[in-house]
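Okay, so here's the structure we're looking at.
By convention in this document, chain letters (A, B, ...) are assigned in the order of the sequence lines, proteins followed by strands, and residues within each chain are numbered from 1.
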2 protein chains.
Amino acid sequence: MAKWNESIDMEAPQFKDFAKTMTDFIAEYLENIRDRRVLPTVQPGYLRPLIPEEAPEKPDQWQDVMADIERVIMPGVTHWHSPKFHAYFPTANSYPAIVADMLSGAIACIGFTWIASPACTELEVEMLNWLGKMIDLPKEFLACSGGKGGGVIQGTASEATLVALLGAKARTMEKVKAEHPDWDESTIRSKLVGYCSAQAHSSVERAGLLGGVQLRLIKADSENRLRGEALEDAIKEDIAAGKIPFYVVATLGTTNSCAFDYLDEIGPVGNKYNVWVHVDAAYAGSAFICPEYRHYMKGIETADSFNFNPHKWMLVNFDCSAMWLKEPEWVVNAFNVDPLYLKHDQQGAAPDYRHWQIPLGRRFRALKLWFVLRLYGVENLQAHIRRHCGFAKQFADLCSNDERFEIIGKVQMGLVCFRLKGSNELNEKLLKRINGRGKIHMVPSKINDVYFIRMAVCSRFTVSEDMVYSWTEVSAAADEELLTNGN
Amino acid sequence: MAKWNESIDMEAPQFKDFAKTMTDFIAEYLENIRDRRVLPTVQPGYLRPLIPEEAPEKPDQWQDVMADIERVIMPGVTHWHSPKFHAYFPTANSYPAIVADMLSGAIACIGFTWIASPACTELEVEMLNWLGKMIDLPKEFLACSGGKGGGVIQGTASEATLVALLGAKARTMEKVKAEHPDWDESTIRSKLVGYCSAQAHSSVERAGLLGGVQLRLIKADSENRLRGEALEDAIKEDIAAGKIPFYVVATLGTTNSCAFDYLDEIGPVGNKYNVWVHVDAAYAGSAFICPEYRHYMKGIETADSFNFNPHKWMLVNFDCSAMWLKEPEWVVNAFNVDPLYLKHDQQGAAPDYRHWQIPLGRRFRALKLWFVLRLYGVENLQAHIRRHCGFAKQFADLCSNDERFEIIGKVQMGLVCFRLKGSNELNEKLLKRINGRGKIHMVPSKINDVYFIRMAVCSRFTVSEDMVYSWTEVSAAADEELLTNGN
């Protein structure tokens, strides 16, 4: 056993060597990521035989750990930052954000209250002001306007959706209790009903399950966009049936096809019926830093809360999901438990963010936003968005020129939805072949029983040639598939 | 506007310089953290005037950002890793964990499914096996036993408590629905009741609020420990009143005073009444890597889920909250929404951790655990725990030798609860003075209307001399206070 005053930690000089070696490894990994197989070939359980069954009693050397990254980890990594990765939506990764997270790891404060590290709370308030201004959010959402509104960094869009739902629930419960003092909480709760498009992300439905309230999926129009009229019909129907509408999620940029709900129709309907309007722009919201895309936000002034993920498309590493609320007090008061050990003298003068979120603890994530906004500048972030949109158009053009294929819906942002003209089964086989060839990686989706393939532009390393490469892969896989099947 | 193929990113050589400069800054910051004022003197709103009102259009230089850390951030940082920080509980910070997070930031995969990065899921499975073995968790909790059980990294203990509550709710709902097919969900939900000690963390009560179920706080015994009999009395009372007990949280190491509930009494009661037993050992759980502390886990075999935070006391940076479940399927199936874009061919062969947690996205956090376990070794991690416990005893001895003071309860782990003999008001003034002098930082708590001060050993840099320093500060503040008040 070590003596009390004997250090058991890695010493600073060793740390410096280790961190600098890791820095070189990271640069090498990212700059040459294109050369790695994007999707691993390992089978479930691959890792267990590669490491000991138990933690070592005595410390290993950091050089051994470094060596094990290629031996143990890399064979099982799906390379999300390869230009050959087109699955899901992008997740962000940038050098400034990585360095910011190093600092966050060193300060390692838990910013649950203002006093627990004032810089952690205050930089977050200011970065949400900067970011809100960048997308021209109405001032009612911004703390710098001096009103009640303000922003917060959540971990994920799913958490933002749940937080907004809980705020909506609290607001409606209070209102209904005042109108019907004889109804108990569980009676009211059982009448609550929320809404989203059937095209909304699965996490919206899950928020309903987690929050224990009914969430109704409404059919979108032929362009996969939720309209105000469809929402109002549902609301009227539910009110007639004795239910209490309380929450609606409008999606700007769905995961399936990057469709945009008509916020300018949904918002006014929500307002008319006292239904909390939450806007989920997880992926596409980053594009609103470019004025030419802001028309999709039309109606934003009618929303109660707005969320998008700089950790998706704005080069801030996960997790950094930006959320603004016009009236955060509905969330703050609903779940405010205030033990003595967390009280402090400055309560009320600055937000205590622990009341704004599901977990209690929180890292110093505003640093990432600060580093990225400063070290890219608005101009380069806009260029990043525009490049990705341009690449998607380039891919779509290549696809359109091949008459075996069809584009599904409109090409929106950095996403192209496409399929071989033919059956769902044929396209399932095509995708299996595309991923099986191991050169690029894509995932499918399905709308109204039409199965299609999604090509999302994901990497910050992507250049035009990558689009040609990816298209050539799709085309070659189609050749193979059509030949095999004799179509 | 940048051309499509023109890089807008920081280049690799710049990144290397930047990251290496940050490495040196971090080593300098942490090695000399003792010299900084532990609690900042800034007032709310201090930061806004120090930075521009908007994000820059053109990129700043990274050297300017580095310089702004001391100018903008550090004046507002509460230095959680200073040996002079004794507030709350420790939060972890170590060199190996910081370097691991760099790699996590570079790989930057979102491990929501196995295929989204097999290494991310599999290393997590294995690290939870390593860790589970280190604390001698019954094999029913471990994935390597080949049964149904397994571990997962949650963000925080509050999320683990909520996840367990939701699993418990799903299990009981299914059982009651089968017994009473005529009862609807909202009727059942309104009858559910969960339990915890009145000494449990505020996040347990909050989990009840979030989950929309009643959570009953039960009085602990004279040593602040929840007993089985008190729980059983409450359960019987509720059953007689037509309620349905479904969940109990046993706390091993409360935040107020590091008291340990009688798990060996609570567990069997829970099992008897089909009540899900969750164990929250957020802080103290790390001590169970030392055999001499495992007697506090007696009864662990009766639990359904167990949670502790390596990000508190085991040198793994936040966030890393380790949770094990005997039957994860109750959580997995309760909130399983499974859209096509997240399906993959290997489903079922390995866990898809998105079903185990509240958010959808998740970082590659197992790397931190791997690096820390390997680069400390079990032996040094045990030494870290034992040193902190030793420091607490040292402080308690100093305090006991001053007859103006009294120790509240037993000294447990790295926490000492103490007060001046006298009124609550006197002790509130004493704490204000301690924190006001600016040399050390502590927070208070209150049990049964007795206000006291908590001294938590938090820093990995702490040595014996720091305990003498902190005690001298407390003693000097007491001299001042007693002199001023003429006591």
Looking at [options], which one has more heavy-atom pairs under 4.5 Å with chain B than the rest?
| options | result |
| --- | --- |
| A:Ser186, A:Ala106, A:Ala87 | A:Ala106 |
| A:Gln61, A:Met102, A:Arg362, A:Lys58 | A:Met102 |
| A:Pro13, A:Ala19, A:Ala350, A:Gly211 | A:Ala19 |
| A:Glu159, A:Glu53, A:Glu31 | A:Glu53 |

Within residues 18-27 of chain A or reaching into it, pairs that qualify as salt bridge (charged side-chain N to carboxylate O under 4.0 Å, His left out) - sequence neighbours excluded
A:Lys20-B:Asp24, A:Asp24-B:Lys16, A:Asp24-B:Lys20
Indicate yes or no: at least one non-hydrogen side-chain atom of [X] is less than 4.5 angstrom from one of [Y].
| X | Y | result |
| --- | --- | --- |
| B:Ile107 | A:His79 | no |
| A:Phe15 | B:Leu30 | no |
| B:Asp60 | A:Tyr376 | no |
| B:Leu375 | A:Pro59 | no |
| A:Phe25 | B:Leu103 | yes |
| B:Asn380 | A:Asp9 | no |
| B:Leu340 | A:Tyr451 | yes |
| A:Phe318 | B:Cys109 | no |

Of the non-hydrogen atoms in [X] and [Y], which two are nearest, and what is the gap between them?
| X | Y | value |
| --- | --- | --- |
| B:Pro44 | A:Glu122 | CA-OE2, 3.4 Å |
| B:Phe18 | A:Pro96 | CE2-CA, 4.4 Å |
| A:Trp114 | B:Val42 | CH2-O, 3.4 Å |
| B:Ala108 | A:Ala92 | CB-O, 4.1 Å |
| A:Gly105 | B:Asn93 | O-ND2, 3.4 Å |
| A:Ile110 | B:Trp80 | O-CZ2, 3.4 Å |

Chain B heavy atoms under 4.5 Å from A:Ala97: which part of the residue, side chain, backbone, both or neither?
neither
What part of A:Asp319 is in contact with chain B, defined as an atom under 4.5 angstrom from a non-hydrogen atom: side chain, backbone, both or neither?
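For A:Asp319, the contact with chain B is made by backbone and side chain together.
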Salt bridge check, B:Glu126 against A:Arg48: does any charged N sit closer than 4.0 Å to a carboxylate O?
yes
Considering only NZ, NE, NH1 and NH2 on the basic side and carboxylate oxygens on the acidic side, decide whether B:Asp68 and A:Arg374 come within less than 4.0 Å.
yes
For B:Gln43, all residues meeting side chain to side chain donor-acceptor pair (under 3.5 Å), sequence neighbours excluded
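So B:Gln43 forms a side chain to side chain donor-acceptor pair (under 3.5 Å) with A:Gln346.
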Backbone N/O of A:Ile115 and side chain of B:Thr78: donor-acceptor pair under 3.5 Å:
yes
Roughly how far, to the nearest 0.5 Å, is the OG atom of B:Ser202 from the CG atom of A:Leu360?
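With rounding to 0.5 Å, CG (A:Leu360) is 6.0 Å from OG (B:Ser202).
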Say you draw a straight line from OG of B:Ser117 to CD1 of A:Ile73; how long is it, rounded to the nearest 0.5 Å?
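That separation rounds to 9.5 Å.
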With A:Ile8, which of B:Glu379, B:Arg387, B:Gln382 fulfils side-chain contact (heavy atoms from CB on, under 4.5 Å)?
B:Arg387
Measuring heavy-atom distances to chain A, does B:Pro52 have an atom under 4.5 Å in its side chain, in its backbone, in both, or in neither?
both
